[in-house]
Chemist: 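Pasting a structure below so you can have a look.
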Amino acid sequence: MKITYYGQNSLSIEIAGKNIIVDPFISGNGNASHIDINSLKADFILVTHAHEDHTLDVDTIAKNTGATIVSNAEIAGYYEKKGHKTHPMNHGGSWKFDFGKVKYVNAIHSSSFPDGTYGGNPGGFVIEGEHKNIYIAGDTALTFDMKLIPLRTKLDLAVLPIGDNFTMDIDDAIIASDFIECDKILGCHYDTFGYIEIDHDNAKRKFFQAGKDLMLLEIGESIEL
């Protein structure tokens, strides 16, 4: 399983020969100007919620690739009306795709498209594939619902927002890692704009002092599980 970070909450995940893009907000992120969205491969696009900093490039990437958009029922319906292939989900539900199993889990946030269309309830994804399990929290506050995840799935990696103001901060993300029983964390939702700029050294130090590993990847950088 190969994971590439594209800034904000945008990731690509290669599993079992399939390419997955998560929350593509790339063309509008000045920090990601070196990433060409027209060159990205995608068989599936996973969308946690409808805010522009998670959906800006969904339409373009879906048109370029023919990818199936996976999200809650409201977001899936929004893109289905645009002519895209979709797979609707809702909280607590899971589906076995050809790359692995995906479960849509709770998140505490808001969700609407830039045009004001209701985006349903926000969520996150637990992905099980190639004998590795990852949790993509999406934009969320710290919530006790996270404690439910390890009751079903032993995680190898969690992608958690750490930028504060709109989501959890560093300290809440450390607590979240306790709740989900995962000490290997990939940080997201930070530094894209002023409200969510963080001190990288301080963030890594706090996680280290808690006995955990926080990875802050450069945009375009990859890791393998």
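For reference, positions follow the sequence shown, starting with 1.
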Chemist: So how far is it from Phe193 CZ to Asn165 CG, rounded to the nearest 0.5 Å?
Modeler: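 Output value for this atom pair is 8.5 Å.
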
Chemist: Do Leu11 and Phe25 belong to the same hydrophobic cluster, where Ile, Leu, Val, Met, Phe, Trp and Tyr are linked whenever their side-chain heavy atoms lie under 4.5 Å apart, directly or via other members?
Modeler: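 Cluster IDs for Leu11 and Phe25 differ.
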
Chemist: Evaluate the criterion side chain to side chain contact (heavy atoms under 4.5 Å, CB included) for residue pair Trp95 and Met89; output intermediate values, then yes/no.
Modeler: CA-CA 8 Å; Trp95 188 263; Met89 301 189 73; 4.3 Å; yes

Chemist: Under the side chain to side chain donor-acceptor pair (under 3.5 Å) rule, what do Asp57 and Ser27 come out as? Steps first, then yes or no, please.
Modeler: CA-CA 7 Å; Asp57 298 318; Ser27 65; 2.5 Å; yes

Chemist: Stepwise, does the ring pair (Phe, Tyr, Trp, His ring centres under 6.0 Å) test hold for Phe125 with Tyr135?
Modeler: CA-CA 6 Å; Phe125 296 100; Tyr135 168 45; 9.9 Å; no

Chemist: Report whether Leu40 and Ile219 are members of the same hydrophobic cluster (ILVMFWY, side-chain heavy atoms less than 4.5 Å apart, transitive linking).
Modeler: yes

Chemist: Taking side chain as C-beta onward, heavy atoms only, is Val70 less than 4.5 Å from Tyr104?
Modeler: no

Chemist: Ile198 and Asp164: side chain to side chain contact (heavy atoms under 4.5 Å, CB included), yes or no, with the steps?
Modeler: CA-CA 9 Å; Ile198 67 166; Asp164 204 3; over 6 Å; no

Chemist: Can you label the angle between the His54 ring and the His49 ring as parallel, tilted or perpendicular, going by 30° and 60°?
Modeler: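 Because their plane-to-plane angle lies in the 30° to 60° range, the rings of His54 and His49 count as tilted.
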
Chemist: Can you check side chain to side chain donor-acceptor pair (under 3.5 Å) on His91 and Asn121, steps first, answer last?
Modeler: CA-CA 9 Å; His91 295 96; Asn121 291 316; 4.7 Å; no

Chemist: Using modelled atom types and a 3.5 Å cut-off, is there a donor and acceptor pairing between side-chain atoms of Asn72 and backbone atoms of Gly119?
Modeler: yes

Chemist: If hydrophobic clusters are built from ILVMFWY residues whose side chains come within less than 4.5 Å, do Met146 and Ile170 share one?
Modeler: yes

Chemist: With clusters defined by side-chain heavy atoms of hydrophobic residues (ILVMFWY) lying less than 4.5 Å apart, directly or transitively, does Phe113 cluster with Leu46?
Modeler: yes

Chemist: Let me see the working for Asn38 and Thr60 under side chain to side chain contact (heavy atoms under 4.5 Å, CB included), right down to the final yes or no.
Modeler: CA-CA 8 Å; Asn38 294 308; Thr60 297; 3.9 Å; yes

Chemist: Would the distance check show the side chain of Ser71 and the main-chain N or O of Val47 forming a donor-acceptor pair, the cut-off being under 3.5 Å?
Modeler: yes

Chemist: Would you say that Lys103 contacts Glu128 through its side chain, given a criterion of any heavy-atom pair below 4.5 Å between the two side chains?
Modeler: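 Of all side-chain heavy-atom pairs linking Glu128 with Lys103, none is under 4.5 Å.
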
Chemist: Quick one: are Asp98 and Lys18 in side-chain contact, heavy atoms under 4.5 Å?
Modeler: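 They are in contact (side-chain heavy atoms under 4.5 Å apart), so the answer is yes.
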
Chemist: Begin with the C-alpha distance, continue with both residues' side-chain angles, and end with the deciding distance and a verdict on side chain to side chain contact (heavy atoms under 4.5 Å, CB included) for Val159 and Ile134.
Modeler: CA-CA 8 Å; Val159 184; Ile134 66 173; 5.5 Å; no

Chemist: From the options Gln8, Glu197, His200, select the one residue that forms a side chain to side chain contact (heavy atoms under 4.5 Å, CB included) with Tyr190.
Modeler: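 With Tyr190 as partner, Gln8, Glu197, His200 yield a single side chain to side chain contact (heavy atoms under 4.5 Å, CB included), made by His200.
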
Chemist: Would you compute the distance between atom CG of Asp53 and atom CD1 of Ile26 and round it to the nearest 0.5 angstrom?
Modeler: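 Here the rounded value is 12.5 Å.
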
Chemist: If I take atom CG from residue Asp43 and atom OG1 from residue Thr68, how far apart are they, to the nearest 0.5 angstrom?
Modeler: 8.5 Å

Chemist: Just by distance, do the side chain of Glu130 and the backbone of Ala16 share a donor-acceptor pair under 3.5 Å?
Modeler: yes

Chemist: Would Asn133 and Thr153 count as a side chain to side chain donor-acceptor pair (under 3.5 Å) here? Give the steps.
Modeler: CA-CA 7 Å; Asn133 304 323; Thr153 306; 5.7 Å; no

Chemist: With a 3.5 Å distance limit and no angle check, can you tell me whether Thr143 reaches the backbone of Asp145 through a side-chain donor-acceptor pair?
Modeler: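 Flag set: sc Thr143 to bb Asp145 pair under 3.5 Å.
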
Chemist: Salt bridge or not between Lys212 and Asp178? Use side-chain N to carboxylate O under 4.0 Å.
Modeler: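 Answer for the salt bridge query: yes.
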
Chemist: Atom CD1 in Ile45, atom OG1 in Thr65: separation rounded to 0.5 Å?
Modeler: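 If I round to the nearest 0.5 Å, the distance is 5.0 Å.
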
Chemist: Under 4.5 Å between any side-chain heavy atoms of Val126 and Val102, yes or no?
Modeler: no

Chemist: Given side chains that start at C-beta, do those of Met1 and Ile13 come closer than 4.5 Å, heavy atoms only?
Modeler: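 When only atoms from C-beta onward are counted, Ile13 and Met1 do touch, with a gap below 4.5 Å.
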
Chemist: Where does the angle between the aromatic ring planes of His87 and Phe97 fall among parallel (under 30°), tilted (30 to 60°) and perpendicular (over 60°)?
Modeler: perpendicular

Chemist: Is it true that a side-chain atom of Ser39 and a backbone atom of Asp36 form a donor plus acceptor pair closer than 3.5 Å?
Modeler: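 Confirmed, Ser39 side chain pairs with Asp36 backbone.
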
Chemist: Answer yes or no: is there a side-chain heavy-atom contact under 4.5 Å between Tyr118 and Glu74?
Modeler: yes

Chemist: Is there a side-chain contact between Ile162 and Ile196 in this structure, where contact means two heavy atoms from C-beta onward sitting under 4.5 Å apart?
Modeler: no

Chemist: Give me the one residue out of Val58, Thr55, Ile69, Asp115 that meets side chain to side chain contact (heavy atoms under 4.5 Å, CB included) with Tyr78.
Modeler: Asp115

Chemist: Can you tell me how far NZ of Lys154 sits from NZ of Lys132, rounded to the nearest 0.5 angstrom?
Modeler: 11.5 Å

Chemist: Can you tell if the side chain of Lys41 reaches within under 4.5 Å of the side chain of Ser12, non-hydrogen atoms only?
Modeler: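 Heavy-atom side-chain distance check fails, nothing below 4.5 Å.
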
Chemist: When you check the gap from the basic side-chain N to the acidic O, do Lys63 and Asp59 get nearer than 4.0 Å?
Modeler: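 Result for this pair is yes, salt bridge flagged.
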
Chemist: Let's go through Glu221 and Thr4 carefully: what are the C-alpha distance in whole Å and the side-chain angles of both, what is the deciding distance for side chain to side chain donor-acceptor pair (under 3.5 Å) to 0.1 Å, and is it a yes or a no?
Modeler: CA-CA 6 Å; Glu221 186 178 358; Thr4 304; over 6 Å; no

Chemist: How many angstroms lie between atom CD1 of Ile185 and atom NZ of Lys204, to the nearest 0.5 angstrom?
Modeler: 14.5 Å

Chemist: State whether Asp171 and Lys206 are salt-bridged, where the test is any N-O pair (Lys NZ or Arg NE/NH1/NH2 against Asp/Glu carboxylate O) under 4.0 Å.
Modeler: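 Salt bridge flag = yes for Lys206 with Asp171.
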
Chemist: Test of understanding: clusters of I, L, V, M, F, W, Y form through side-chain heavy atoms closer than 4.5 Å, transitively. Do Leu160 and Phe144 belong to the same one?
Modeler: yes

